[in-house]
Number of protein chains: 2
Amino acid sequence: MAVRGRECSIANALAVIGERWSLLALREILLGERRFDRIARNTGASRDILAARLRTLVEAGVLEKRQYERHPPRYEYVPTEAGRALTPILLNLMDWGDRYVTDGPPPTVWRHSCGADLHPRTVCAHCGEPVTEDETSPVRIGPVH
Amino acid sequence: MAVRGRECSIANALAVIGERWSLLALREILLGERRFDRIARNTGASRDILAARLRTLVEAGVLEKRQYERHPPRYEYVPTEAGRALTPILLNLMDWGDRYVTDGPPPTVWRHSCGADLHPRTVCAHCGEPVTEDETSPVRIGPVH
DNA sequence: GTGCAAAGTTGGATTTCACAACCTACTGAG
DNA sequence: CTCAGTAGGTTGTGAAATCCAACTTTGCAC
C-alpha cells in the first residue's frame with residue numbers, strides 16, 4: 001500500500017489507526033462510549049475530523065456503524081473483532097505513557113478479571129517469556145521500495 | 001498537557017510517538033539502523049519532517065543523539081530505555097497489521113530467544129492470563145477537560 | 001413555536017506536510 | 001587539483017490537512 005519505504009505490517013497498521021485522533025476515538029469506544037457527541041467531547045477532536053476518522057475506521061473494518069434509532073436516524077459505533085484486538089496495543093501504550101510521559105500517578109487504571117490492577121506484559125506466545133529488545137531479533141525483514 | 005479531552009496516558013504517549021513518521025523511525029532504530037540517511041530511505045519520510053521528528057524524540061528522552069565522528073561531525077540515534085520499552089508496542093502493532101491489514105504472509109518475521117517465531121501475547125502481569133477486551137474493565141478513568 | 005439533542009456538514013483561516021534543491025564538511029578516485 | 005560521493009541536515013514553495021465556529025436536519029418536550 002505504502003508507495004515507499006519498507007514493506008511492513010507496522011506501516012500498514014499505522015495507515016489504518018495511525019492518524020492523530022484515530023486511537024483516541026478507539027480508546028473511547030473500548031471504554032464503552034458509542035456515540036459521536038461523547039467521543040468528540042472526550043477526545044477533544046474537532047467534529048469534522050472525527051467524522052472522517054470514524055468513516056475510515058468503518059471502511060477498514062475496525063468499527064461498525066449501527067443505526068439504533070430510525071426517526072430521527074441515529075447511529076452508534078461498535079468495535080469489530082479487529083477493533084477489540086487493539087485492546088493490547090492501547091493498554092501497552094497507556095502503560096508506556098504512565099511510565100515515561102505522564103507526571104504523577106496514572107490517570108486511568110484498569111482491572112483484570114483476576115482482581116489485580118492491570119499491568120500489561122507482552123510475552124512470547126510460544127514460551128511465555130517476556131519480550132524485550134535483547135531477546136528478539138528480526139529473521140526476515142520486509143524489503144524497502 | 002493536552003488542553004482538552006480526557007486526561008490519559010494514551011494521549012500523553014501519542015503526543016510523543018503519535019506523529020505520522022515517529023513510530024516508523026523507531027521501528028528502523030529498533031531494527032538496528034542508526035543513521036539519518038538510512039532511516040530516511042527505509043521509512044520513506046521526507047528529510048525535513050524526519051529531522052523534526054527525531055528532534056522531538058530526542059527531547060522526549062526516547063532517543064539519544066550521539067556523535068560518532070568529529071570531523072566532519074556525524075551523529076547516530078540510539079534508543080534510550082524508554083525507546084527500547086516501545087518494542088512490545090511495535091510488535092503488537094505488527095502482529096495486528098499482519099492479522100487484519102496486510103494481505104498475504106507477514107513481510108517481517110521476528111524470532112524470540114526461545115527459538116520460535118515471535119508472536120506477541122499481552123498478558124496480565126499479575127496472573128499471566130491473556131488480556132482481552134472482556135477480561136478487562138476500567139476502574140478509574142481520567143477526567144475530561 | 002421555542003428550546004434542546006444527536007449526528008453530522010460547510011466555510012474560512014491556520015498549520016502542517018511533501019518535495020526538491022541547497023549547504024557544509026569531509027573522503028577517495030583520477 | 002578537480003570531481004563525485006557521503007552524511008546530516010536546512011530552506012523555500014505549493015499542496016494538503018486541520019481547527020474552529022456556525023449551520024443543518026429530524027424529531028421530542030414544553
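Chain letters run A, B, ... following the sequence lines, proteins first and then strands; every chain starts at 1.
- At the phosphate of C:dC26, OP1 or OP2 sits under 4.0 Å from a side-chain N or O atom of B:His71.
- Atom CZ in B:Arg74 sits roughly 9 Å away from atom P in C:dC26 (whole-Å rounding).
- Here B:Glu129 pairs with nothing under the side chain to side chain donor-acceptor pair (under 3.5 Å) rule; sequence neighbours left out.
- If you take CG of A:Leu63 and P of C:dA7, they are 14 Å apart, rounded to a whole angstrom.
- Residues satisfying the side chain to side chain contact (heavy atoms under 4.5 Å, CB included) criterion with B:Thr56, sequence neighbours excluded, are absent altogether.
- Between C:dA25 and B:Tyr75, no contact under 4.0 Å exists linking OP1 or OP2 to a side-chain N or O.
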Once base and sugar-phosphate atoms are separated, protein heavy atoms under 4.0 Å mark nucleotides 11-18 of chain D, 5' to 3', with B, S and - as BB-----S
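- Atom-to-atom, CZ of B:Arg66 to C1' of D:dA7 comes out at 18 Å; the value is rounded to the nearest Å.
- A:Arg55 has a side-chain polar atom (N or O) that falls below the 4.0 Å cut-off from OP1 or OP2 of C:dT9.
- B:Gln67 places its CD atom 12 Å from the C1' atom of D:dG8, with the value rounded to the nearest Å.
- Looking only at atom types and distance, the side chain of B:Arg34 has no donor-acceptor partner in the side chain of B:Tyr75 under 3.5 Å away.
- Each of A:Pro72 and B:Arg41 was assigned the nucleotide of DNA chain D with the nearest heavy atom; the assignment lying further toward the 5' end belongs to B:Arg41.
- Of the residues listed (B:Leu31, B:Ile29, B:Leu23, B:Leu30), the one engaging B:Arg27 in a side-chain contact (heavy atoms from CB on, under 4.5 Å) is B:Leu31, and it is the only one.
- Screening residues 97-143 of chain A for ring-ring contact (aromatic ring centres under 6.0 Å, His included) gives A:Trp96-A:Tyr100 as the qualifying pairs, with residues at least two apart or on separate chains.
- In summary, A:Arg6 and B:Glu28 engage in a salt bridge, as defined by a charged side-chain N under 4.0 Å from a carboxylate O.
- Between B:Tyr68 and D:dG8 there is a side-chain N or O to OP1 or OP2 distance below 4.0 Å.
- No salt bridge links B:Arg121 with B:Asp95; every basic N to acidic carboxylate O contact stays at or beyond 4.0 Å.
- Rounded to a whole Å, the OH atom of B:Tyr77 is 8 Å from the P atom of D:dG8.
- A salt bridge between A:Asp134 and B:Arg84 is absent, with no side-chain N of the basic residue lying under 4.0 Å from a carboxylate O of the acidic one.
- Per the geometry, CD1 belonging to B:Ile39 stands 9 Å off P belonging to D:dG8, to the nearest Å.
- Summarising the geometry, the separation between CG on B:Leu54 and P on D:dG8 is reported as 11 Å, rounded to the nearest angstrom.
- Judged as a side chain to side chain donor-acceptor pair (under 3.5 Å), and not counting sequence neighbours, A:Thr80 has no contacts.
- For the segment residues 27-38 of chain A, the set of residues with a heavy atom within less than 4.0 Å of an atom of DNA chain C comprises A:Arg35, A:Phe36, A:Asp37, in numerical order.
- Computed from coordinates, the B:Arg70 CZ to C:dA25 P distance equals 15 Å when rounded to whole Å.
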